[in-house]
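One structure is given here, and the rest of the page talks about it.
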Amino acid sequence: QVQLVESGGGLVQAGGSLTLSCVYYGRSFSNYVMGWYRQAPGKHYDIVARISSGGSTNYADSVKGRFTISRDHAKSTVYLQMNNLKPEDTDVYYCNAMDMITTTDYWGQGIQVTVSS
């Protein structure tokens, strides 16, 4: 079974930066597409950013140019560097791992990011 442990986050003023980390515990980290999600007002979860094993990335339009997702295979860790944060970025951010073979999703507990104006 896969376990995801998030860290980082907290409170920052608009224009500031934070880095989220998500450590993957399990087997075959390279078999998973990793991503960060946040909950939209409609209660569904939107992709903030995701990264494939090979390093291909995808970002929500709202964060393009501000956020950068990366992964360190040696540390089995995915990061989200968040720059020029805006109050509307305030949310609980969830780390996600998707098995590329089975498409099974695993989720972290979520970590709070609060951006003040």
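Any value given below was found using the heavy atoms of this structure, including those in side chains, with hydrogens, waters and symmetry copies removed.
Annotation: the span from E88 atom CD to S117 atom OG amounts to 10.0 Å, rounded to 0.5 Å. Residue M34 holds its CE atom at 9.0 Å from OG of S76, rounded to the nearest 0.5 Å. For the atom pair CZ of R50 and OG1 of T57, the computed distance is 10.5 Å after rounding to the nearest 0.5 Å. Taking NZ from K75 and OG from S21, the interatomic distance works out to 9.0 Å, rounded to the nearest 0.5 Å. From S30, atom OG reaches atom OH of Y24 across 8.5 Å, with rounding to the nearest 0.5 Å.
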field: Check against side chain to side chain donor-acceptor pair (under 3.5 Å), T104 and D99
entry: CA-CA 5 Å; T104 300; D99 188 315; 5.8 Å; no
- request: Show your reasoning for whether side chain to side chain donor-acceptor pair (under 3.5 Å) applies to Q81 and T19.
  value: CA-CA 4 Å; Q81 177 65 49; T19 299; 2.5 Å; yes
- request: Starting from the C-alpha separation in whole Å, work towards a yes-or-no answer on side-chain contact (heavy atoms from CB on, under 4.5 Å) for D105 and T103.
  value: CA-CA 6 Å; D105 283 303; T103 70; over 6 Å; no
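For D72 (side chain) and A74 (main-chain N/O), a donor-acceptor pair under 3.5 Å exists by modelled atom type. A donor-acceptor contact shorter than 3.5 Å is absent between the side chain of T114 and the backbone of L11.
No continuous path of hydrophobic side-chain contacts links V12 to Y79 [ILVMFWY only; heavy atoms under 4.5 Å]. Under a hydrophobic clustering in which Ile, Leu, Val, Met, Phe, Trp and Tyr are joined whenever their side-chain heavy atoms come within less than 4.5 Å, directly or via other members, I51 and M98 fall into different clusters. Transitive grouping of hydrophobic side chains (ILVMFWY, heavy atoms separated by less than 4.5 Å) keeps V78 and V33 in distinct clusters. Using a 4.5 Å cut-off between side-chain heavy atoms of Ile, Leu, Val, Met, Phe, Trp and Tyr, with links allowed through other members, L4 and M82 fall into the same hydrophobic cluster.
Taking both residues in full, the closest heavy atoms of W36 and L20 are given as CH2-CB, 3.6 Å, listed atom of the first, atom of the second, then distance. Of all heavy-atom pairs spanning T90 and Q112, the tightest one is CG2-NE2, 4.0 Å. In terms of heavy atoms, G110 sits closest to E6 at N-OE1, 2.7 Å.
Seen from the ring of Y32, R71 does not count as a face-on cation partner, given the 6.0 Å and 45° thresholds.
The shortest side-chain heavy-atom distance between V115 and V113 falls under the 4.5 Å cut-off. Side-chain contact check for S53 versus H73: some heavy-atom pair is nearer than 4.5 Å. Looking at I101 and N31, their side chains never come closer than 4.5 Å, going by heavy atoms from C-beta outward.
Hydrophobic cluster of V92: the remaining members, joined at side-chain heavy-atom separations below 4.5 Å, are Y37, Y45, I47, Y94, W107, listed by chain and number. Connectivity analysis of hydrophobic side chains (ILVMFWY, heavy atoms under 4.5 Å, direct or indirect) links Y25 to V5, V23.
Dense packing is recorded around CD of Q109, with more than 12 heavy atoms of other residues, nucleotides or ligands lying under 6.0 Å away.
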Enumerate, atom names and distances included, each donor-acceptor pair closer than 3.5 Å involving a side-chain atom of residues 61-69, sequence neighbours excluded.
unit_1, atom_1, unit_2, atom_2, d
D61, OD1, K64, NZ, 3.4
S62, OG, R38, NH2, 3.2
R66, NH1, N84, O, 3.0
R66, NH1, D89, OD2, 2.8
R66, NH2, S62, O, 2.8
R66, NH2, D89, OD1, 3.1
R66, NH2, D89, OD2, 3.4

